[in-house]
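I have placed the structure first, in the form of structure tokens, so that the comments after it can refer back to it.
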Amino acid sequence: MTIPLPARIGLLVVLTTGFYTYVGQLVPQKEVQPPQETAIRADLTTADMVTVGRQIMEGKGLCFTCHTIGKSGVLRFPDLDGVASRAATREPGLSDVEYFAKSIYAPDSFIVPGFNPGMPVINKPPIGLTDQEILCVIAYLQTLGGTATVTLQTSHRYYTAPGAIPPAPPDEKAEPGEKLPLTLPPAQKGETPKAPAAGPTPGKKGEV
Amino acid sequence: MTARHIIGGCAAVLLTALGAATMGPTVVAVRAQGPDIGTQAQRDSGKTLYLKNCSQCHGDNGDGEGYATPHLFPKPRNFTSGKFKVRTTPNGALPTHQDLVNIIRRGMPYTSMPAWPGLSDGEVSDLAYFIKTFYPDFASAEAPKPMELPSAPASTQASIDLGKKLYVDTGCVKCHGNVGRGDGASAPTLMDEFGQPIRAANLTQSWTFRGGSTREDIFRTMTTGLNGTPMPSFTEALTVEQRWAITDYITSLSGSEGPNYRNLVVAKHVLDTIDMAKGAANFAAAPAARFPIIGQIMEPGREFHPPVTSVMVQAVYDEESIAFLVRWNDMRVDNTGTAGPMLPVPIEEEAAKPAAAPGAAAAAAADPFAETTTAEAPPSEFNDAVAIQIPSAIPTGARKPYFIFGDAQSPVDLWFFDLARKEPIQFTGRGSADLAENDTGDLTGTASYDQGEWSVIFKRPLRPSTGAAFVPGTFLPVAFSVWDGFSRERGNRRALTSWYSIYVEPEVVTSAAAPMIRTALIILVFELVVVGLVRRRYGAGARGALGGEPSHPAATRA
Amino acid sequence: MNIPVVLAILVVFAFLAFRKANLFILALAWWIGAFVFFRFGFTAPIPASVISIYMGIVSLATLAFVSSSEQRREEVSRPLLRLMTEKRFAPLLAATIIAIPALAAANVYVQMNVPIEPPFFPRTIHPASPPEITVHEKKISIDLGDNPFRELEKSNPQEFRQHVENGRRVYYQNCVFCHGDNLAGNGMFVHGLDPIPTNFADGDTIANLRETFLFWRASKGGPGLPEEGGPWNSAMPAWEKILKEDEIWDAVLFLYEFTGERPRAREEHAQ
Amino acid sequence: MNGVRSKQLLFVLGPLTGLVMFGAVIIVATFLTNREYREPDRAPIAIVDPTPRASGLADEAAAADAAAKAKPYVEAEYRRFPVVGSRVAIWAVAQLHLLFAAFVLAVPIFALIIEVIGYKTGDKRYDRLAHEFSKLLSVSFSLTATFGAFLTFMLIALYPKFTNYLMSVFSPTFLPYVLLFFAEAFFLYTYYYGWGKFHPLVHIALGAGLNLVGTGIMLIANSWLTFMMSPRGISDSGALISLEDAINNYTWMPINVHRIIANVAFGGSVAAAYAAFKFLAADTDEERAHYDWMGYIGNFVAIISFLPLPFAGYWLAKEIYAYSQTLGLTMMGGAFSWLFIIQAVLIGNLFLGANYYLWLGMGRVEGAQPFQRFVKYLLVAIVLCFMIWATPRSIIATVSEIRAMGGSTHPILGFFGVMSAKNTAVNILILTTFMSFLLYRRTGRTATVSWAKTGQAVQLLIFGAAAVFVIFLGVYGYFVEASVRIGLSVPQVSSVLFAMVSISVIDIFLFRRPKLTGEVRWGRIPAISQYVLIFIAVTFTWLMGLMGYVRSGLRQHWHVYGVIRDTSPDAFTPTLGFATQVVSVTVLLFFVLIGFVFWLASLHDRPDFEAGTKAS
């Protein structure tokens, strides 16, 4: 009873591919869904923003691909543990919110000593968080060693378009406009915001 | 060769250790002549150790009035009274030096007296010498002689039966209760000689015995009594054999040596619909998990020493609902007052004496065996109660609600059962100060009390109208609270567990038999094919090539 | 490394080498030896998933080695062929044929009956503190502050002793139930707690922490832990609800005094 | 004299012609595509003719227009492929196309190398080998083209919007691509059918041209797919700014180099598998000897070109990081990190298989016994490296195991999970395999040069020094910060490359005129070795499929990373288990088709039907 050669070779090929497929089944099986657009309602409280911010960091923001919380040893990226306690004093003249905003909108402008530049700009594709989403992330970051203070109305000077108005709350029907005062960012270089205040938000939801 | 050497060496070491162990008591016995109070240096060394380690509870003057005393129950020993509970000496006598050393070494389970394994033998001995200075009789009298404690006969069914009879006849039931759960008629009124309330030991939980849980320990306690407590010596009332018989009976009550605490209760699927009328019979198939209970000492209104030390939990589910059976021991039913998870507890009460029947028990303490209890303990102001707590929503990731009634972000559902009522009600908790009744009508329950044990059944739909669903094959955090009305527990003053898990075991647990047989058969067939092929090719009948390479004939081996 | 196991393996191999064992036996010994080494040779056990990867590699390598030359193939196959073909080995062969599937079936049984364990979530034991906390309406800087009574140690030892003594009282009235009489984290309620209370007497933990950190942990407790600190499982009370600020500082003094540790000094800012 | 010069001239001219043609094609194409579109000249529209018929026609047209307006044309974003879905369909077809394309590119490289060796050494065997192997070309070429066409149709049908976008960016490259395809066909058929019909040098020149054109085709196709991964030369909204930048994007060059090297290795391994098949099917010792030798050569080419492949991989990974940190970390730390454990298993198997084949091969040389005793040390080194490489970074463990380990990182294995250990392991693996080659080279020969002892000592010293240096850097990596550690792989790689080159050079001189102590008896090798060759070929193919998946899957929910988002139902990244299943199915399909190609090629050797019947 000899097996014909082509059958033997066929068997070998099937067994080999089968073995590799089997190896492939042994590793953790994780399906990565495309990020969900987190709906940010205008009436989010700061506590809600913390929760949403955490979700964004875990999901769409991809933050935990690089950053860790509460890990020590040789790190490739700064650990975010207690980051809020350092943020306010990192750069002179920047409050903690502004420091966070700057690190997210212009990540290479300040590099934590001992690390290499490498963080992508978060408000541009491929990650492309909206301004509101970034505010939520900042809210969560503030809880790491501090207390969240930002609201959806908080303004800072690093919005998507320099000199543009800060994000209007996306759902203006839910709340009358005057209840959500639009805080203008500190005017930079004497520029005055040109966009009409009631115009579309700088948030790019759905566009990317 | 090496193995033999190793075994030999081990044996030698073991023998030496055994020898040393058996010689120890002999040395002590020899020394026990005249007052055994050590040298001045030993007592001084003991004093230093005492002031650092012991005086916080036992007081600088040994009077049992240390910093911690107000919150402790049982109270720390007052060394100036000369009354020591755990001894080998006759009732009323002072302990031997070794008795003191032993108790320092081992501590007292389920009290605030810890074991001190970190101290050296010399240090423990020095401490014992120093403790003796608090009571002058140690120095003046002869060193106390230990009683003769005969070695134990084997425990038999006959001795257990005899013990059971003697247990009733001798009057143990009066304090310890019919089945030993410490729920005897006079149990609520017991007082010790210091005027403090005292509880009869729960004989079904041998691991909580203060003097140790071995048969020798139990026998010794019955022989010597516990000085200063209502527990007398039975040397006169009972013969040695009778005491061993009772010991055997008591040992048989616990069922296991330790509490075997678990961190998980498995809910089994049952085919029959859960019928509340059937009571505990619904839970015959479900394994029981014992969870440790601790006092709620985290939020104001603290309970430092809850009388309940553990709960037994079982769970089953059918197509519609899930049911929990929660059981715990309680010496008395309290259902004449109020109960509630939010009742206020004045902060002053934290340091007050533990529940006692004020002025009731002096007589009882004098004679716990009196035929008629002179003073019934007054009815309690608060009711017994129990609660099961689960998160209001199935937690994602590591984040769970705070284990004390939840927190603002993550609320919990509290299934609260005031045992004076018919049905449990549901609360939603967002912290111990923020509880709200939120009864959806989903929850039903029954409670019964028998021989010192509460059995409470909670039943709820698997998928309720609101709240977390129980999904087969998943884990859900679960926690328990127990209030003992007699101990004035209500509101935050209660006994609780931290989070444990309930696992809802899927209805069909795949049997291992089929995969086992399949695996074995596949391998067997494979083996037979291989052996068959090999035999065909290389067997006696077919001496052929060995390697089978087409290109070169392999050498055949004859 | 588990030295006895490693030694035992070495002894077995020395013995085999001394006896000039057959390659088949040697290969078997290598395989089993590798398994025993991976499974039992480490004090921190290697997870089963990794062991299976390693054993897969060892199996491949062993097979490759025994078949890598004519002589080796011959040496390995001889005992096997004899076992399978010679009559006098028939009982042994039968036993082997039955034993292997039986063992495999037993393995399947064991694999299917591992006890259920609740999910486990790791936590950061000493999470980062906030820069500042508010206790009894007073702002206390965790980063820059210090125990207000620490300086008394030098300036006024007598008053310092009083603070320590007060801390001792506070400890034994409040903390002893969990952290234990000897501060070793083994109080009478320990069996009901997870995570277990901190052991202050291990000569390591509090020596690495600043007093303000301890103050933060004591005053804000488990509910005040940041997200990563194993949220909401810790039974550490928020002592600010019960104790005064001074009492907490005193208790912190006592912890160091009793254990003989020194608190970690504040690190001077670089630059 | 004249003949030789003309030969040399031809040898130079061949590639030159190829180059010139390539350039010409590009220029023509650019010219054609850059031409402005002009309306063709037409006669002016006829003067209006006011007849009823015309108005009727106008009415009709208006009605048709209205109807058309009522149902406007909506451009489909996606269409669904039946049963398996669009993604899997595209995946499988693209994978098959790529495998055949790799094969079609690899075979000429391999054949050309062999032919040149044959020409230089005058050994007729090489020529025969090259010819025999290029028999497989024509069928595979048409299969490649078929799959390519299929792929294009599927792209247009299933992903119209995305395909339109790619066309809008890359349309100028399409014409050169097609023209090159014609050139490829020309060279391929002349190369194969002209075997032995031209002067050898002319023929070699044709081969060189074939390779050049083939590479050109690959470069263009690579520009499309690398653009999808690391787009460049476009505006924020995706409009083309510079075609040059779009082609020469971050990952283009590394992918080109990686693919060329991998193609050589792939060609070698498939040649070896072909030889193995023929060996096993052979009837005569002579045939066996020939195919044993062919398998050896194929495997040699495969493994030698495989050795630098990890370095090319590093370069690619570095460029990916350089392009986008997010992309890099998705690859190494995110969803794909476990894929590299599977890759480790495959590459470990490749190394083990290659070494094993060499050790088995020692059996065909007389007097190889003394070298056999080194085998176990080499094996131990390979096993250790393999283990380190396959140790996962984040270990899968149960709760009780984590508790027993004292945390989720193992105190010892934790060290093996990080880059320092992995780099060291792969470098040592490469060194060890190189050592196996060296040992094999020594079987049956003794060096006779006067400095033989010294030379061997120096070789050993270099080898040892390289190994020690690599390990030292690996250990050192644990004590320095990340930026330094990443840089350490460069000295590691260069020391290994230096060791390999210098040892080879010494070896060549060392064995100038060796004393032959044993003869190489081709064909005397156990059958299992041939199965190992097939196993290596399958593993190679599978590895290509797997790495293709990472490259493509890295984009996750983007068609063009950061520019065009994938909003189809297949936008999610599947599990690794599913991916390996798809890879396996395509690899099996490939081998079925390759089997068919082999069979077709073998028809050549059979006697013609008529001749056969006449003979019988």
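On a predicted model such as this, the values are computed, not experimentally measured, just so you know. Here is how names work: the chains are called A, B, and so on, in the same order as the sequence lines, proteins then strands, and each is numbered from 1.
Within the 4.5 angstrom heavy-atom criterion, atoms from both the backbone and the side chain of B:Gln56 approach chain C. With a 4.5 angstrom heavy-atom cutoff, C:Met84 touches chain B via backbone and side-chain atoms both. Within the 4.5 angstrom heavy-atom criterion, only side-chain atoms of B:Arg302, from C-beta onward, approach chain C. Heavy-atom distances place the side chain of C:Leu93, and not its backbone, under 4.5 Å from chain B. The contact between B:Thr111 and chain C is made entirely by backbone atoms, counting heavy-atom distances below 4.5 Å. Neither the backbone nor the side chain of B:Thr497 has a heavy atom closer than 4.5 Å to any heavy atom of chain C. Within the 4.5 angstrom heavy-atom criterion, no atom of B:Thr474 approaches chain C. Of the atoms belonging to B:Leu264, it is side-chain heavy atoms, and not backbone ones, that fall under 4.5 Å from chain C. In this structure, the portion of B:Cys57 lying under 4.5 Å from any heavy atom of chain C is its side chain and not its backbone. For C:Glu165, the parts lying under 4.5 angstrom from a heavy atom of chain B are both the backbone and the side chain.
C:Phe65 carries C:Arg72 over the face of its six-membered ring, with the cationic atom under 6.0 Å from the centre and within 45° of the normal. Stacking of B:Arg494 on the aromatic ring of B:Phe405 is recorded, both the 6.0 Å distance cut-off and the 45° axial limit being met.
Here the shortest heavy-atom pairing between C:Ala29 and C:Phe13 reads O-CZ, 3.5 Å. Contact detail for B:Cys54 and B:Leu127: the closest heavy-atom pair is SG-CD2, 4.0 Å. Of all heavy-atom pairs between B:Asn492 and B:Glu299, the closest is ND2-CB, 3.7 Å. A pairwise comparison of heavy atoms in C:Gly192 and B:Ser498 identifies O-OG, 3.3 Å as the closest pair.
Ring geometry, B:Phe73 versus B:His305: the interplanar angle exceeds 60°, so the pair is classed perpendicular (tilted spans 30 to 60°). In this structure, C:Phe215 and C:Trp249 have parallel ring planes: the angle between them is below the 30° cut-off, well short of the 60° mark.
Comparing C:Met236, C:Arg169, C:Lys241 by heavy-atom pairs within less than 4.5 Å of chain B, the highest count is held by C:Arg169. Across C:Asn113, C:Val108, C:Asn107, the residue that shares the most heavy-atom pairs under 4.5 angstrom with chain B is C:Val108. Each of C:Asn174, C:Ile98, C:Val176 has some count of heavy-atom pairs under 4.5 Å with chain B, and the biggest count is that of C:Asn174. By number of non-hydrogen pairs under 4.5 angstrom with chain C, the leading residue of B:Tyr261, B:Phe291, B:Trp116 is B:Trp116. Between chain C and the residues B:Ile297, B:Ile404, B:Ile293, the most heavy-atom pairs under 4.5 angstrom are made by B:Ile297. Heavy-atom pairs under 4.5 Å with chain B peak, among C:Pro237, C:Pro101, C:Ala8, at C:Pro101. Options B:Ala115, B:Pro477, B:Ala68 differ in how many heavy-atom pairs under 4.5 Å they form with chain C, and the most are formed by B:Ala68.
Panel note: side chain C:Arg19, backbone C:Ala17; no donor-acceptor pair is recorded below 3.5 Å.
If you take CG on C:Asp181 and OH on C:Tyr172, they are separated by 6.0 Å, rounding to the nearest 0.5 Å.
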